[in-house]
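Inspection log for the structure reproduced underneath, given as structure tokens.
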Amino acid sequence: MSNLLRHSLSKFTFSPNGTPTGREKVTPKHKHLRPFQCVLTQDNRSIAVKNGNDSLVICRVVNGMWQTSGGWGRIDRDDAVDAMLKYADAGLTTFDLADIYGPAEDLYGIFIDRVRRERPPELLEQVRGLTKWVPPPVKMTSSYVRDSINVSRKRMDVESLDMLQFHWWDYSNPGYLDALKHLTDLKEEGKIKTVALTNFDTERLQIILENEIPVVSNQVQHSLVDMRPQQRMAELCQHTGVKLITYGTVMGGLLSEKFLDTNISIPFAGPAINTPSLQKYKRMVDAWGGWSLFQGLLRTLKQVASKHGVSIATVGVKYILDQPAVAGSMVGVRLGLAEHIQDTNAIFSLVLDEDDMNSIREATAKGKDLLKVIGDCGDEYRRA
């Protein structure tokens with residue numbers, strides 16, 4: 001399944017006019033949906049996502065742990081946990097992981113045990129582990145869901161999961177509603193603090209909310225190249241209060257000085273596209289408009305970054321964090337192999353002015369509308 005996550009766009013089919021096959025436009029109906037709450041804390045580093053009595057404070061920049069699943073270099077367990085502690089000590093206290101991300105949940109379990117033993121209680125209270133459950137398309141019985149969640153609880157060494165983000169491969173199988181109802185039951189039992197989604201489209205999010213499933217967020221791909229969430233999804237989210245947690249925001253590292261003014265079409269002439277994330281988001285660049293157009297976007301971002309004394313990636317993340325309905329954005333971490341703590345923390349103090357926003361908006365508008373090319377959020381992973 002992790003391979004499907006890695007190579008999804010290359011397997012997606014399109015109609016001759018660029019519209020995804022098997023998809024019809026859906027007009028959201030909001031009248032039966034209940035509002036949720038998402039409250040910024042006094043500092044701009046964290047945000048409280050609330051739904052009824054459910055509440056979870058997360059850091060607005062999330063440490064993404066997809067990179068532990070293989071393909072980015074060998075991860076040493078002790079070095080990885082040391083790096084997690086370093087991120088947490090720097091105030092970057094929220095980690096995103098999944099049951100299918102190799103040892104990610106196990107690393108979190110070792111990490112949280114060390115936080116309990118080696119750090120003050122105040123830090124333990126701030127640390128969050130947002131995991132995902134990506135089940136196969138089998139019958140979603142109560143016992144199956146419970147057993148699966150218990151595996152994550154054991155691996156992560158927690159009594160209650162901070163957030164369980166649910167993924168579903170095939171919308172033609174309505175079992176996702178059964179699974180979410182069972183997850184809600186587990187939340188009521190205290191085994192999960194908040195129920196959330198990942199890679200669901202607007203139509204299905206609406207159906208889930210109309211079934212009174214108390215989801216607090218939907219994790220979706222969102223970057224300066226992929227602005228799909230700001231269309232149909234954002235409209236529904238703004239009405240209901242469901243928030244977005246974004247991934248792919250720095251496009252696996254493509255949004256960086258490393259790829260500025262490069263020609264990757266000539267072998268060995270530019271940086272290698274040699275990790276699963278770089279390969280995935282290079283395909284997004286191709287769908288959006290190609291490498292030459294992407295270079296224009298990078299040059300615009302570099303001008304803004306130089307003006308503020310920050311990096312291209314910092315500007316890219318801040319722009320997305322400032323978009324409607326976005327609660328947090330993910331920055332992938334190669335634990336023990338590379339570190340971007342300084343650039344990441346710079347996001348919180350960066351303020352993009354109107355000129356910055358307009359120039360970035362103009363550069364992104366030159367590309368194709370990926371909603372028309374690929375479909376709604378998450379459609380790159382499935383066909384309806």
Side-chain angles (χ1 to χ4, degrees), residues 36-51 54-67 84 87-88 90-98 101 104 108 125-132 161-167 192-200 205 215-224 226-230 233-234 236-238 240-252 255 277 313-333 340-341 343-352 377-378:
F36 300 83
Q37 292 180 311
C38 190
V39 182
L40 277 169
T41 55
Q42 288 185 347
D43 65 9
N44 65 347
R45 298 182 65 93
S46 57
I47 193 167
V49 182
K50 298 183 179 181
N51 172 18
D54 304 336
S55 180
L56 190 71
V57 176
I58 64 171
C59 182
R60 294 203 72 201
V61 178
V62 180
N63 304 312
M65 291 180 63
W66 180 30
Q67 286 79 355
M84 293 175 74
Y87 276 91
L92 302 168
T93 53
T94 300
F95 296 82
D96 178 86
L97 40 151
Y101 288 178
Y108 184 88
E125 291 174 2
Q126 296 173 24
V127 171
R128 299 287 181 264
L130 319 180
T131 196
K132 304 184 196 74
L161 300 175
D162 291 325
M163 179 183 286
L164 191 286
Q165 302 167 106
F166 175 67
H167 177 91
I192 299 170
K193 294 177 183 175
T194 53
V195 175
L197 306 173
T198 180
N199 288 314
F200 273 80
L205 174 59
V215 298
V216 297
S217 64
N218 185 21
Q219 186 179 134
V220 294
Q221 182 172 288
H222 195 356
S223 69
L224 289 167
D226 187 359
M227 295 295 290
R228 288 178 295 162
Q230 290 306 313
M233 181 66 68
L236 179 60
C237 287
Q238 286 182 284
T240 63
V242 172
K243 293 299 174 178
L244 301 177
I245 297 175
T246 75
Y247 67 87
T249 309
V250 295
M251 304 185 68
L255 279 182
S277 52
T314 297
V315 173
V317 176
K318 178 60 174 175
Y319 185 90
I320 297 302
L321 278 177
D322 286 345
Q323 297 303 302
V326 174
S329 291
M330 203 173 307
V331 176
V333 290
H340 303 285
I341 290 176
D343 279 351
T344 302
N345 269 327
I347 295 167
F348 299 111
S349 58
L350 175 61
V351 178
L352 298 174
C377 299

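Throughout, numbering of the chain's residues begins at 1 and tracks the sequence.
- Contact detail for Val57 and Ala48: the closest heavy-atom pair is CG2-CB, 3.8 Å.
- Nearest heavy-atom pair, Thr344 versus His340, reported as atom, atom and distance to 0.1 Å: OG1-O, 2.8 Å.
- The backbone N or O of Asp162 sits less than 3.5 Å from a side-chain atom of Thr194, completing a donor-acceptor pair.
- Among all heavy-atom pairs drawn from Ile341 and Ala90, the shortest one is CG2-CB, 3.6 Å.
- Separating the NZ atom in Lys132 from the OG1 atom in Thr198 is a distance of 5.5 Å, to the nearest 0.5 Å.
- Residues Gln221 and Tyr247 share a closest heavy-atom pair of N-CE2, 3.2 Å.
- Between Val216 and Leu56, every side-chain heavy-atom pair lies at or beyond the 4.5 Å cut-off.
- For the pair Val333/Met65, a side-chain contact is recorded, criterion being any heavy-atom separation below 4.5 Å from C-beta on.
- Between Ile320 atom CD1 and Thr246 atom OG1 the span is 6.5 Å, to the nearest 0.5 Å.
- Residues Leu321 and Ala327 share a closest heavy-atom pair of CD2-O, 4.3 Å.
- Taking 4.5 Å as the limit, some side-chain heavy atom of Cys59 sits within range of a side-chain heavy atom of Phe348.
- Partners of Asp343 under the salt bridge (Lys or Arg N to Asp or Glu O under 4.0 Å) rule, at least two apart in sequence or in another chain, do not exist in this structure.
- Ring planes of Phe95 and Tyr108: perpendicular class, angle over 60° (limits at 30 and 60°).
- Taking the side chain as every heavy atom from C-beta outward, Val215 and Leu205 approach each other to under 4.5 Å.
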request  = Under the side-chain contact (heavy atoms from CB on, under 4.5 Å) rule, what do Thr249 and Val331 come out as? Steps first, then yes or no, please.
outcome  = CA-CA 7 Å; Thr249 309; Val331 176; over 6 Å; no
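- With values rounded to the nearest 0.5 angstrom, Met251 atom CE is found 8.5 Å from Leu224 atom CG.
- If you take CZ on Arg128 and OG1 on Thr93, they are separated by 7.5 Å, rounding to the nearest 0.5 Å.
- At a threshold of 4.5 Å between non-hydrogen side-chain atoms, the residues Asp96 and Gln219 count as touching.
- When all heavy atoms of Gly378 and Arg228 are compared, the closest pair comes out as N-NH1, 4.2 Å.
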inquiry  = One pair to check against side-chain contact (heavy atoms from CB on, under 4.5 Å): Met163 and Ser217. What are the steps and the verdict?
reply    = CA-CA 10 Å; Met163 179 183 286; Ser217 64; 3.7 Å; yes
request  = Apply side-chain contact (heavy atoms from CB on, under 4.5 Å) to the pair Arg45 and Arg60, showing each step before the final yes or no.
outcome  = CA-CA 6 Å; Arg45 298 182 65 93; Arg60 294 203 72 201; over 6 Å; no
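- Between Val195 and Phe166 there is no side-chain heavy-atom pair separated by less than 4.5 Å.
- With Asn218 as the partner, the side-chain contact (heavy atoms from CB on, under 4.5 Å) test is satisfied by one option alone out of Ile245, Leu236, Leu197, Asn199: Leu197.
- How far CG of Leu97 is from CD of Gln165: 8.5 Å, rounded to the nearest 0.5 Å.
- The closest side-chain heavy-atom distance from Gln323 to Pro229 is not below 4.5 Å.
- The closest side-chain heavy-atom distance from Met330 to Val317 is not below 4.5 Å.
- The backbone N or O of Ala325 sits nowhere less than 3.5 Å from a side-chain atom of Gln238 that would complete a donor-acceptor pair.
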